[in-house]
Amino acid sequence: VQLQASGGGLVQAGGSLRLSCAASGRTFTNWAMGWFRQTPGKEREFVAAVTWNLGTTYYADSVKGRFTISRDTTNKMVYLQMENLEPADTAVYYCTASRTVTIAHNSPNFWGQGTQVTVSS
């Protein structure tokens, strides 16, 4: 499995960004795709997940109502639309792929390289 994330950058507080993740290497039927993030000195934390088949979504409380995860099954893409960004959202964001939605929340099976998101105040 290969996961290629893109779309990070520098944005002012209150702004928006969309992260993209190109997934390849297998079919993802019954899998869950997601995003984690990490700031220096802290563990990686779950941000959001989406089931491949039905598109059911899950969010961390800290991003609920501001972030939207989606997937394009035809093109094997996963997106994270981030609105009303806050300085606390500054982190390296990682795309993930997991065999189950439970794993997707805790210990994803596969990780992509990170993309930096910086939100200035």
Would you compute the distance between atom CD of Gln116 and atom OG1 of Thr90 and round it to the nearest 0.5 angstrom? 7.5 Å

Stepwise side-chain contact (heavy atoms from CB on, under 4.5 Å) check, Leu85 with Leu17: CA-CA 8 Å; Leu85 283 160; Leu17 277 177; 4.1 Å; yes

Would Gln12 and Ser120 count as having a side-chain donor-acceptor pair, cut-off 3.5 Å? no

Roughly how far, to the nearest 0.5 Å, is OH of Tyr58 from OG1 of Thr102?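 If we round to the nearest 0.5 Å, Thr102:OG1 and Tyr58:OH are 8.0 Å apart.
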
Check for me, please, whether Phe36 and Val78 land in the same ILVMFWY cluster - side-chain distances under 4.5 Å, paths through other members count.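 No: no chain of side-chain contacts under 4.5 Å links Phe36 to Val78.
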
Close side-chain approach of Thr73 and Trp52, heavy atoms under 4.5 Å: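 Yes. Closest side-chain heavy atoms under 4.5 Å.
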
Taking Tyr59 as the starting point, is it possible to reach Val117 by hopping between hydrophobic residues whose side chains are less than 4.5 Å apart?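 Cluster IDs for Val117 and Tyr59 match.
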
Joint hydrophobic cluster, Val101 plus Phe110, side-chain heavy atoms closer than 4.5 Å: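 Each belongs to a different hydrophobic cluster.
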
Has the side chain of Asn84 got a donor or acceptor atom that lies under 3.5 Å from a matching backbone atom of Arg66? no

Just verifying a value: how many Å separate Thr100 OG1 and Asn109 CG, rounded to the nearest 0.5 Å? 7.5 Å

Could you please spell out the steps behind the side-chain contact (heavy atoms from CB on, under 4.5 Å) verdict for Thr56 and Val50? CA-CA 5 Å; Thr56 305; Val50 60; over 6 Å; no

Passes side-chain contact (heavy atoms from CB on, under 4.5 Å), Trp31 versus Arg26? Steps please. CA-CA 11 Å; Trp31 282 49; Arg26 62 161 294 127; 3.4 Å; yes

When hydrophobic residues are tied together by side-chain contacts of less than 4.5 Å, even through go-betweens, does Leu19 share a cluster with Phe46? no

Between the main-chain N or O of Ile69 and the side-chain N or O of Thr57, is there a donor-acceptor pair closer than 3.5 Å? no

Backbone of Gly8 reached by a side-chain donor or acceptor of Thr115 within 3.5 Å: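 Side chain of Thr115 to backbone of Gly8: a pair is present.
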
Distance alone, cut at 3.5 Å: any donor-acceptor contact between the side chains of Gln4 and Gln2? no

Within 45° of the axis and under 6.0 Å from the centre of the six-membered ring of Tyr79, does NZ or CZ of Arg18 qualify?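 Cation-pi check for Arg18 and Tyr79: passes.
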
Start with the C-alpha distance between Tyr93 and Trp35, add both sets of side-chain angles, then the distance that settles ring pair (Phe, Tyr, Trp, His ring centres under 6.0 Å), and finish with yes or no. CA-CA 7 Å; Tyr93 284 71; Trp35 293 90; 7.3 Å; no

Any link between Val47 and Ile103 through a network of hydrophobic side chains (Ile, Leu, Val, Met, Phe, Trp, Tyr) touching at under 4.5 Å? no

Check the angle between the aromatic planes of Trp111 and Tyr94 and answer parallel, tilted or perpendicular using the 30° and 60° thresholds.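 Aromatic pair Trp111/Tyr94 classed perpendicular.
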
Would a distance-only check, ignoring hydrogens and angles, find a side-chain to backbone donor-acceptor pair under 3.5 Å from Arg71 to Gly34? no

Thr29 side chain near Asn53 side chain, heavy-atom distance below 4.5 Å: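 Side-chain contact under 4.5 Å: yes.
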
Specify the closest pair of heavy atoms between Ser98 and Ala104, including all atoms of both residues, with the distance to one decimal. OG-CA, 3.2 Å

Would the distance check show the side chain of Asp72 and the main-chain N or O of Thr74 forming a donor-acceptor pair, the cut-off being under 3.5 Å?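 Indeed, once roles are kept as given, a pair shorter than 3.5 Å links the two residues.
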
To the nearest 0.5 angstrom, please state how far the CE atom of Met33 sits from the CE atom of Met77. 10.0 Å

Distance from Lys76 atom NZ to Ser24 atom OG, nearest 0.5 Å? 7.5 Å

Take Val11 and Thr118 through the test side-chain contact (heavy atoms from CB on, under 4.5 Å) and record every step on the way to the result. CA-CA 6 Å; Val11 64; Thr118 303; over 6 Å; no

Ion pair check, Arg37 and Glu45, cut-off under 4.0 Å: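 Answer for the salt bridge query: yes.
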
Report the distance from atom CD of Gln113 to atom CG of Leu3, rounding to the nearest 0.5 Å.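 Gln113 CD to Leu3 CG: 8.5 Å, rounded to 0.5 Å.
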
